[in-house]
Amino acid sequence: MALLRLASSRIFKSPMSNPILKYLPFFTDAEVPHTVAARPDTGLYSAKLGIWLFLASEVMLFGGLFSAYIFLRIGAEPGYWPSGLLNVPVGTMNTAILIVSSITVVMAWAALKMRQLGKYKFYMAITILCGLIFLTVKLSYEWPAKFNHFGVFIKKDAASKYEEFLGNKHLEEAGQSPRWEITGHLLDAPKGSSYEHQAQHNAEHFAHETGRHDAVTPAEDDYVIQLDAVNANPTDKTNDRPHFWPVPMSNKIAVISAKDVESASVFAPRHSTYFATYFLITGLHGLHVLGGILVFLYLWLPVKGGVNLYKTNPEHLANRVEIAGLFWHFVDLVWIFVFPIFYLL
Amino acid sequence: MSLKAFHLVFIFVSILFCAGMAAWSFKTGASDGLGWGCGLVSVLMCVYAVRFISKAKSIIT
């Protein structure tokens, strides 16, 4: 910054004609007004007005995505909008973690207002920890589990061949939407498929777990899938309702001819509109959580604008924590809408 | 809106979420334990909200 100031002052003789000094006040030592006291015209300190303008734009961003989700879901053909594929207990735990973190960030703010620096550091540390746990669970457990799960959509005219895995007669009698997808762990993929390596790895694991080595199919263009419970026994009435605890995978195997397959993919964005919106919205939300953690870290560490600010202007630090806390509450509020629409409904 | 007010909005939405999840659990039969757990959490959050209002009144202006 000092270098930029020096360079610009060499080019522009007068400080008033220097655009760096004129329009970018943070490059100067100038005092930024209204960081603590409220502006007389708005009744708010400047950062609070700024964060609410920012949050208004965020409402439009996430509102647009939620609207897209609703219209895609309403417009989806029966049987092509998956349900029950996400881990509800893990999602519930993550929701609880975010709610707790919102409480602790308010406690950190209140501690600063009461000039209790030790308590502030403690509650802020818990908030940061909660955010890190949320992201770690999402990135190291939830998403990777999806990338190792496989789904095959069967062509409608070939569905009768796979009735024992789809159970559409049972679903019709129960008045439910038909099922066109068979899901589980891929044990063998057609030759040349990009999933061959993953299938080989799964087949080795399956053989080790069960002692069965019959996963390899004689035909080169078949998919072999270790079935999820719902496809292993599709007429079981307990599979007609959602489960909170994940049902263990069966050891039953399905062999599906590639010519009967409409589309086949791991649970990645390319799998379906459902997973495309799931990864987009949860990914964008995860980026917001990461942003919040970075800001909280800055306010927690002994740096100039962080905890060290307490020595010179504790109210300014309290205002910064309030602004970050408003952002964090918004991010948590978004998750409270994301969780039920993707995990429960 | 201050953080205090936004926190109350957040807690209100969280209470609704917990009550909704309890209703989902009982209605779908996904898990009765979860339903009772969420119901209990929503009651605890109501208690927290009341305590927060009374405490924050004197601390945060």
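Here is the naming used below: chain letters follow the sequence lines, and residue numbers restart at 1 for every chain.
A/F244 places a side-chain heavy atom less than 4.5 Å from the side chain of B/M21.
Among the candidates A/F330, A/F339, A/W52, the residue making the largest number of heavy-atom pairs closer than 4.5 Å to chain B is A/W52. When each of A/S102, A/G325, A/P89 is scored by its heavy-atom pairs under 4.5 Å with chain B, the top score falls to A/S102.
Using a 4.5 Å cut-off between heavy atoms, A/T95 contacts chain B through its side chain alone, with no backbone atom that close. In this structure, chain B has heavy atoms under 4.5 Å from both the backbone and the side chain of A/I103. Proximity to chain A is limited to the side chain of B/M45, based on heavy atoms less than 4.5 angstrom apart.
Residues of residues 229-237 of chain A never come within less than 4.5 angstrom of chain B, heavy atom to heavy atom. Contact annotation for residues 57-67 of chain A against chain B (heavy-atom separation below 4.5 Å): no residues qualify.
Aromatic rings from B/F17 and A/F337 are positioned such that their centres are separated by 6.0 Å or more. Checked against a 6.0 Å centroid threshold, the rings of A/W328 and B/F10 do not count as neighbours.
Using a distance-only test at 3.5 Å, with no hydrogens or angles considered, no donor-acceptor pair links the side chain of A/W109 to the main chain of B/L3.
Distance check: B/M1 CE to A/I51 CD1 gives 14.0 Å after rounding to the nearest 0.5 Å. A distance of 10.0 Å separates OG of B/S2 from CG of A/L44, quoted to the nearest 0.5 Å.
B/H7 is linked by a side-chain hydrogen bond (donor to acceptor under 3.5 Å, both in side chains) to A/H329, B/Y48, counting only residues two or more places apart in sequence or in another chain.
More than 12 heavy atoms of other residues, nucleotides or ligands lie within 6.0 Å of NZ in A/K146, so this atom counts as buried by the packing criterion. A 6.0 Å sphere centred on CD of A/Q116 holds more than 12 heavy atoms belonging to other residues, nucleotides or ligands.
Within the structure, the salt bridge (Lys or Arg N to Asp or Glu O under 4.0 Å) test picks out the following pairs touching residues 314-337 of chain A (sequence neighbours left out): A/K48-A/E322, A/K113-A/E315, A/R115-A/E315.
Considering every non-hydrogen atom in both A/L326 and B/F6, the closest pair reads O-CE2, 3.4 Å.
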